[in-house]
Student: 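A single structure is presented below for examination.
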Amino acid sequence: ARDTGRWGEGGRRGDGMNGYVKFGIPEGEPVAVNVDCVKFVRGYRGGNDASAVNFEKGNYVVVRGSLASVMKVLEDA
């Protein structure tokens, strides 16, 4: 399991939180995302430094990282 703890990089939590990955966000504390609840991921505001992780009913969270890097972390989880 990988948990970098650095902004902009997600990683699986090594503390028994199966199915969750930790991501940095543009402002505030990192968030843990349940991979099973993600519906799709898209770039956020045309930049390469943030992506929107979308859930049901239009809810989303903006995380640090390009679309490719966020998708890779979710895929590896």
Student: For the pair Arg64 (side chain) and Ile25 (backbone), establish whether a donor and an acceptor sit closer than 3.5 Å, ignoring hydrogens and angles.
Tutor: yes
Student: Do you know the tightest heavy-atom contact between Val61 and Phe55?
Tutor: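 Taking every non-hydrogen atom into account, CG1-CE1, 3.9 Å.
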Student: Does Val38 reach the side chain of Asn54, with side-chain heavy atoms less than 4.5 Å apart?
Tutor: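 Sidechains of Asn54 and Val38: no contact.
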Student: Would you say Leu74 and Asp76 make side-chain contact, with heavy atoms under 4.5 Å?
Tutor: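 SC-SC contact between Leu74 and Asp76 ruled out.
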Student: What distance separates Ser51 OG from Phe40 CZ, expressed to the nearest 0.5 Å?
Tutor: 12.0 Å
Student: Going from CG on Asn59 to NZ on Lys39, what distance comes out if it is rounded to the nearest 0.5 angstrom?
Tutor: 12.0 Å
Student: Spell out, as yes or no, whether a donor-acceptor pair under 3.5 Å connects the side chain of Arg42 to the backbone of Ala52.
Tutor: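 Side chain of Arg42 to backbone of Ala52: no pair is present.
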Student: Please report the C-alpha distance between Tyr20 and Val31 in whole Å, then the side-chain angles of each, then the deciding distance to 0.1 Å, and finally whether the side-chain contact (heavy atoms from CB on, under 4.5 Å) criterion is met.
Tutor: CA-CA 10 Å; Tyr20 285 82; Val31 296; over 6 Å; no
Student: Using a 4.5 Å cut-off between side-chain heavy atoms of Ile, Leu, Val, Met, Phe, Trp and Tyr, which other residues end up in the same hydrophobic cluster as Tyr60?
Tutor: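 Reading the cluster by chain and number, Tyr60 sits alongside Tyr44, Val62.
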